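Inspection log for the structure reproduced underneath, given as structure tokens.
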Amino acid sequence: LSTREALVLQCVLVAIQQFVQLGPHLTAIGQLGCAEILLRILIDYEASFRVLAAELLVPLLSERTFLKDVVLHDGAGALLSAVNTEDSALQLPLLRALERMAAHPESAAEIRQVGGINVLLALLGSSRVSHAAASATLASAICAVLTELALDDEAALQIRKANGVYVLARLLMQDTT
């Protein structure tokens with residue numbers, strides 16, 4: 001993963017994606033300590049590599065060791081900064097990764113502390129979500145992350161204070177008209 005050769009990196013990301021489909025391989029790869037490299041790919045590389053890295057993060061985040069490594073390397077901040085993009089092919093796996101992180105209390109607290117609720121609500125209220133072709137899928141993914149976060153009382157209060165109920169109601173009313 002640390003190669004600078006584009007073709008090699010792309011092949012490695014695809015190969016690892018195939019390996020993690022099997023449970024024992026998922027555990028082994030999750031324990032390799034590759035979280036920092038995948039997060040760096042999300043931030044520094046071009047879109048096609050970022051999509052592959054985001055898609056790889058989703059299954060790896062079910063591995064406890066990998067999740068702790070992602071939290072240790074400020075993964076919540078990296079995912080939240082990368083999710084604010086025009087590319088819906090990148091947004092969806094990033095949102096699924098955030099949902100996986102939000103399912104665990106320690107990483108959910110990290111998402112909340114770095115301002116993730118405000119980022120998600122701003123994304124949900126943006127015109128991209130309300131007018132995009134894949135808007136229902138994107139809105140559903142954002143709502144899934146917010147739902148996981150709202151299981152924590154502090155996060156639920158922050159959603160209410162950030163006018164999240166209004167944003168959700170506006171989105172629902174927009175769908176019925």
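For clarity, every value in this text was computed on a predicted model and none was experimentally measured.
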Once you round to the nearest 0.5 Å, how far does [atom1] of [X] lie from [atom2] of [Y]?
| X | Y | atom1 | atom2 | answer |
| --- | --- | --- | --- | --- |
| Ile159 | Asp152 | CD1 | CG | 9.5 Å |
| Leu13 | Ile37 | CG | CD1 | 10.0 Å |
| Gln17 | Glu55 | CD | CD | 6.0 Å |
| Thr137 | Gln91 | OG1 | CD | 11.5 Å |
| Ile16 | Gln18 | CD1 | CD | 11.5 Å |
| Leu146 | Gln158 | CG | CD | 10.5 Å |

Please report the closest heavy-atom contact between [X] and [Y], naming both atoms and the distance.
| X | Y | result |
| --- | --- | --- |
| Leu120 | Ile142 | O-CG2, 3.6 Å |
| Leu61 | Ala97 | CD1-O, 3.4 Å |
| Ile29 | Cys34 | O-SG, 3.9 Å |
| Ala156 | Ala150 | CB-O, 3.6 Å |
| Ala102 | Ile111 | N-CD1, 3.9 Å |

Okay, side chain of [X], backbone of [Y]: is any donor-acceptor separation there less than 3.5 Å?
| X | Y | value |
| --- | --- | --- |
| Thr85 | Ala82 | no |
| Arg50 | Leu42 | yes |
| Arg170 | Gly125 | yes |
| Glu148 | Ala144 | no |

Exceeds 12 heavy-atom contacts within 6.0 angstrom, atom CZ of Phe49: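 Counting neighbours around CZ of Phe49, more than 12 heavy atoms of other residues, nucleotides or ligands fall under 6.0 Å, so yes.
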
Would you say [Y] ends up clustered with [X] if hydrophobic residues are merged whenever their side chains have heavy atoms under 4.5 Å apart, either directly or through other cluster members?
| X | Y | value |
| --- | --- | --- |
| Leu32 | Leu52 | yes |
| Val119 | Ile43 | no |
| Leu92 | Val58 | no |
| Val20 | Val14 | yes |

Please evaluate residues Val165 and Arg160 with respect to the criterion side-chain contact (heavy atoms from CB on, under 4.5 Å), reporting the C-alpha separation (whole Å), side-chain torsions for both, the decisive distance (0.1 Å), and the verdict. CA-CA 6 Å; Val165 176; Arg160 286 193 302 272; 4.2 Å; yes

Can you give the donor-acceptor pairs under 3.5 Å from side chains of residues 64-81 to other protein atoms, not counting sequence neighbours?
unit_1	atom_1	unit_2	atom_2	d
Arg64	NH1	His104	ND1	3.0
Arg64	NH1	Glu106	OE2	3.3
Arg64	NH2	Glu106	OE2	3.3
Asp69	OD1	His73	ND1	3.4
His73	ND1	Asp69	O	2.9
His73	NE2	Glu36	OE1	3.4
Ser81	OG	Gly77	O	3.2
Ser81	OG	Ala78	O	3.0

Chi angles and distances behind the side-chain contact (heavy atoms from CB on, under 4.5 Å) call for Thr147, Leu151: CA-CA 7 Å; Thr147 300; Leu151 294 175; 5.6 Å; no

Do Tyr45 and Leu9 pass the side-chain contact (heavy atoms from CB on, under 4.5 Å) test, and can you show the C-alpha distance, the side-chain angles, and the key distance before you say yes or no? CA-CA 11 Å; Tyr45 285 70; Leu9 180 61; 3.5 Å; yes

Below 4.5 Å, heavy atoms only, C-beta onward: do Leu121 and Asn163 meet side chain to side chain? no

Would you call Cys143 and Leu168 a side-chain contact if the rule is heavy atoms closer than 4.5 Å?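 Side chain of Cys143 against side chain of Leu168, heavy atoms only: contact under 4.5 Å found.
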
Member of Ile41, Val51, Leu38 meeting the side-chain contact (heavy atoms from CB on, under 4.5 Å) criterion with Leu56: Leu38

Run the side-chain contact (heavy atoms from CB on, under 4.5 Å) test on Val12 and Thr3 for me, step by step, so that the C-alpha distance in whole Å, both residues' side-chain angles and the decisive distance to 0.1 Å come before the verdict. CA-CA 10 Å; Val12 168; Thr3 183; 5.6 Å; no

